[in-house]
Chemist: 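Have a look at the structure that comes next, please.
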Amino acid sequence: IRQCETIMSEKFWYVIYTKPRSEKKLKSEIEDMNIETFLPCINTKKQWSDRLKYIETPLFPSYLFVKINYKEDSLNILKRANSVAFLFNEGKPAILEESEIELIKLFILEYPNKIKLEELEKIKIGNEVEIKKGVFAGRKGIIEKIKNKAFLILKINSLNKILKVEIKIQDLGLESI
């Protein structure tokens, strides 16, 4: 009787640090390897001397997200010319939860012009609340109030970043913030 060993090939979202302004090139190369990638982009206003233009720029400069089996695929990705290294957190490759990826996608879809990226250390963290109305209903977020505006904050600890989006105070379902 022959015993069969099944090898689990679990795939998780990892973060690759890219060469500056090479995120889109690396994304294309990795997708040619039949690997799922995610490069969240937003339109940013750029001013030249003669005109104003909106440019699609990565939300996280020099970061590309890939869904891979780290042991099987990481070396092939690191061999690419525009790949620098995988992002590590506490001595291990940083893994993003599927829910974090989905929430980033939702932020970009619903609020593409209101997203602000800030370093985690620069944010004064407020109370955690559950959103009662709107597209974020049922989700929890950390709220920061600035001059009568409420912001929903998504912490992405493995990147040491947060995403911040302005939401209606009424959507919080709180009497006063």
Side-chain angles (χ1 to χ4, degrees), residues 9-18 20-46 54-70 73-74 77 80 82-84 86-89 92-120 122-123 125-126 128-144 149-173:
S9 59
E10 292 254 6
K11 292 184 177 184
F12 296 99
W13 286 102
Y14 293 92
V15 184
I16 303 171
Y17 187 70
T18 71
R21 294 175 300 283
S22 298
E23 302 91 348
K24 291 178 183 177
K25 290 178 202 165
L26 185 59
K27 178 183 187 317
S28 178
E29 289 178 32
I30 292 173
E31 285 176 344
D32 288 344
M33 300 166 56
N34 294 319
I35 292 176
E36 186 177 356
T37 65
F38 177 50
L39 179 62
C41 292
I42 57 173
N43 286 324
T44 55
K45 208 181 324 182
K46 298 287 182 183
Y54 284 91
I55 306 289
E56 186 181 67
T57 58
L59 181 60
F60 303 101
S62 295
Y63 287 168
L64 175 64
F65 305 109
V66 292
K67 190 169 187 177
I68 60 169
N69 177 307
Y70 187 80
D73 300 319
S74 60
I77 290 171
R80 304 287 165 226
N82 293 307
S83 178
V84 176
F86 279 89
L87 186 67
F88 275 67
N89 187 11
K92 296 178 183 175
I95 297 176
L96 271 77
E97 298 293 326
E98 191 74 39
S99 62
E100 291 175 317
I101 295 292
E102 291 305 316
L103 200 48
I104 293 169
K105 288 178 181 178
L106 184 61
F107 269 46
I108 291 170
L109 180 67
E110 294 294 329
Y111 300 100
N113 300 322
K114 295 184 179 182
I115 294 176
K116 297 177 184 178
L117 179 67
E118 297 186 23
E119 295 294 325
L120 190 56
K122 295 180 182 176
I123 296 298
I125 307 265
E128 184 176 21
V129 296
E130 183 174 332
I131 310 305
K132 303 295 183 190
K133 300 177 188 171
V135 295
F136 294 110
R139 299 200 185 253
K140 292 184 179 181
I142 297 174
I143 300 301
E144 181 178 275
K149 294 179 183 178
F151 292 91
L152 174 65
I153 297 172
L154 166 64
K155 285 176 42 175
I156 305 174
N157 292 327
S158 54
L159 297 178
N160 199 30
K161 305 267 188 215
I162 64 162
L163 287 181
K164 204 163 87 165
V165 66
E166 182 180 343
I167 60 171
K168 297 176 186 174
I169 292 177
Q170 305 89 293
D171 288 353
L172 297 175

Chemist: Heavy atoms only: give me the nearest N82-S22 pair and the separation to one decimal.
Modeler: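 Looking at all heavy atoms of both residues, the shortest contact is OD1-OG, 3.4 Å.
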Chemist: Answer yes or no: are there more than 12 heavy-atom neighbours, outside K25 itself, under 6.0 Å from its atom NZ?
Modeler: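 Result for NZ/K25: open.
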Chemist: CG of L87 to CG of L159: how many Å apart, nearest 0.5 Å?
Modeler: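 Here the rounded value is 6.0 Å.
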Chemist: Would you call T57 and I42 a side-chain contact if the rule is heavy atoms closer than 4.5 Å?
Modeler: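 A side-chain contact exists here, since the closest heavy-atom pair is under 4.5 Å.
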Chemist: Please identify each residue that fulfils salt bridge (charged side-chain N to carboxylate O under 4.0 Å, His left out) with E110, with sequence neighbours left out.
Modeler: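 Expected list: none.
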Chemist: Let me confirm one number: the NZ-CD1 distance from K161 to I104, rounded to the nearest 0.5 Å.
Modeler: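 Nearest 0.5 Å value for the NZ-CD1 distance: 12.0 Å.
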Chemist: Any side-chain heavy atom of F38 within less than 4.5 Å of one from K105?
Modeler: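 With C-beta onward as the side chain, the pair touches.
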Chemist: Checking side-chain hydrogen bond (donor to acceptor under 3.5 Å, both in side chains) against W13, which of E97, E36, E98 comes through?
Modeler: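 The residue from E97, E36, E98 that satisfies side-chain hydrogen bond (donor to acceptor under 3.5 Å, both in side chains) with W13 turns out to be E98.
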Chemist: In Å, rounded to the nearest 0.5 Å, how long is the span from CD1 of I35 to CG of D73?
Modeler: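 So the gap between those two atoms works out to 4.5 Å.
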Chemist: Would you sort out whether T18 and V84 count as a side chain to side chain contact (heavy atoms under 4.5 Å, CB included), showing the intermediate values?
Modeler: CA-CA 5 Å; T18 71; V84 176; 5.6 Å; no
Chemist: Counting only heavy atoms not in Y17, do more than 12 sit closer than 6.0 Å to its OH atom?
Modeler: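 Counting other residues, nucleotides and ligands, OH of Y17 stays at 12 neighbours or fewer.
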Chemist: Looking at NZ of K24 and SG of C41, how far apart are the two atoms once the value is rounded to the nearest 0.5 Å?
Modeler: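 Reported to 0.5 Å precision, the distance equals 5.0 Å.
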Chemist: Counting only N and O atoms by type, is there a donor-acceptor contact under 3.5 Å from the side chain of S28 to the main-chain atoms of L26?
Modeler: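 Between the backbone of L26 and the side chain of S28 there is no qualifying donor-acceptor contact (under 3.5 Å).
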Chemist: Is there a side-chain contact between N43 and E56 (heavy atoms, below 4.5 Å)?
Modeler: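 Yes, their side chains come closer than 4.5 Å.
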Chemist: So Y70 and F86, would you call those rings parallel, tilted or perpendicular, with 30° and 60° as cut-offs?
Modeler: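 Answer is perpendicular, since the angle exceeds 60°.
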Chemist: What distance separates E10 CD from I68 CD1, expressed to the nearest 0.5 Å?
Modeler: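 Between E10 CD and I68 CD1, I get 13.5 Å after rounding to 0.5 Å.
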Chemist: Holding to ring-ring contact (aromatic ring centres under 6.0 Å, His included), I want the full list of residues that pass it with F107, two or more places apart in sequence or in another chain.
Modeler: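 Listed in chain order: F136.
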Chemist: Is the number of heavy atoms from other residues, nucleotides or ligands under 6.0 Å of K46 NZ greater than 12?
Modeler: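 Atom NZ in K46 is not crowded, with 12 or fewer foreign heavy atoms closer than 6.0 Å.
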Chemist: Which heavy atom of F60 sits nearest a heavy atom of P40, and at what distance?
Modeler: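 Closest pair (atom of F60, atom of P40, distance): CD1-CG, 3.8 Å.
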Chemist: Got a second to check how far L64's CG is from L39's CG, nearest 0.5 Å?
Modeler: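 It comes to 6.0 Å.
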Chemist: Considering non-hydrogen atoms only, spot the tightest contact between S62 and P20 and give its length.
Modeler: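 So the two residues come closest at OG-CA, 3.9 Å.
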